[in-house]
Structures are given as C-alpha cells and as structure tokens.
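One structure below.
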Amino acid sequence: MSNYLVAMEAAWLVRDVKDIDDAIGVAVSEAGKRLNQQNKEYVEVEVGATPCPACGEPFDSAFIAANTALVGLLLEIDVFNADGEKHAARIAKSEVGGALRDVPLSVIEIVETEEEDE
C-alpha cells in the first residue's frame, strides 16, 4: 500500500462576470466553500494552467464569453494506503466528486509520495 498525491482538473462555470480575475476568484471561492461544507478542507484548490498553443507558455485556465466564464481549477488531494495509481485515482475522484456534484473532474497527474516517519 502506497501514498499518492492526485491532481485533478475541474471545469467550473461562473455566471455574470466581466473579467478573468473575478471569474477565477469566484470559482476558487465557490469550490473551496463546497469542499469545506463537506469537511474536505484538505483538498487544495487553485486555478489551473493551460499552455498557449502558439508558444507553449502557461496562462490561467479561464475563458469568458457572454459574461459567463469557464474556469479550469486544479484540485490536489493526498491519498493514503492505496493499492496503486488507479486505486488512488478512484479514491480521489470519489472524495472530491462527492462534494462537487455535477462538476466535471479529470485526473491529470498521480505522484507516489514517500511515507513520513512519525
């Protein structure tokens, strides 16, 4: 059994916004609030990064059209005592998906972590 850091991407819709910074702030705040209400304070929430198709440089993963934004959020969770990467991914999606119902989630990275000595 191993420990893993699982990173997931979530697609968050924000209505009635005028600029990217407001959309990002609302998305991160709303996601954090829903996670905290389900006692999942241990899930890290931040704005995701999308590589520029022309130069490859990352930029904030957010797009606005008609005062509605789609914000890509990066969610990270530590999973302990999983049987492997697939098991860690299922655990992470179950934990986060239960609190963020109707929010599309996709696992983007799984990293095995070292056990900490107590």
Looking at every non-hydrogen atom in both residues, tell me the closest pair between [X] and [Y] and how far apart they are.
{"X": "P58", "Y": "A49", "answer": "CB-CB, 4.0 Å"}
{"X": "A31", "Y": "V45", "answer": "CB-CG1, 4.1 Å"}
{"X": "A99", "Y": "L35", "answer": "CB-CD2, 3.8 Å"}
{"X": "W12", "Y": "V103", "answer": "CZ3-CG2, 3.7 Å"}
{"X": "E112", "Y": "S2", "answer": "OE2-OG, 3.0 Å"}

Treat each ILVMFWY residue as a node, draw an edge where side-chain heavy atoms are under 4.5 Å apart, and state whether [X] and [Y] are in one component.
{"X": "Y4", "Y": "L74", "answer": "no"}
{"X": "V107", "Y": "V79", "answer": "yes"}
{"X": "V6", "Y": "L105", "answer": "yes"}

- Message: I'd like to know whether CZ of F59 has more than 12 heavy-atom contacts from other residues, nucleotides or ligands below 6.0 angstrom.
- Response: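 Enclosed.
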- Message: For E9, is there any backbone N or O sitting under 3.5 Å from a side-chain donor or acceptor partner on S106?
- Response: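 Checking the backbone N and O of E9 against the side chain of S106, no donor-acceptor pair under 3.5 Å is found.
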Which atom pairs, one a donor and one an acceptor, fall under 3.5 Å between side chains of residues 17-29 and the rest of the protein, sequence neighbours left out?
residue, atom, partner, partner atom, Å
D19, OD1, D21, N, 3.4
D19, OD1, D22, N, 2.8

- Spatial distance of atom CE (M1) from atom NE2 (H87) [nearest 0.5 Å]: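 M1 atom CE to H87 atom NE2 measures 7.0 Å (nearest 0.5 Å).
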Contact between [X] and [Y] at the side-chain level, heavy atoms closer than 4.5 Å - yes or no?
{"X": "I91", "Y": "I77", "answer": "no"}
{"X": "N3", "Y": "N81", "answer": "yes"}
{"X": "L75", "Y": "L100", "answer": "yes"}

- Could you walk me through whether T68 and V14 pass the side-chain contact (heavy atoms from CB on, under 4.5 Å) test, one step at a time? CA-CA 6 Å; T68 302; V14 181; over 6 Å; no
- Query: Does anything in residues 76-93 pair up under salt bridge (Lys or Arg N to Asp or Glu O under 4.0 Å), and if so which pairs, sequence neighbours excluded?
  - Reply: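 Every pair satisfying salt bridge (Lys or Arg N to Asp or Glu O under 4.0 Å) with a residue in residues 76-93: there are none.
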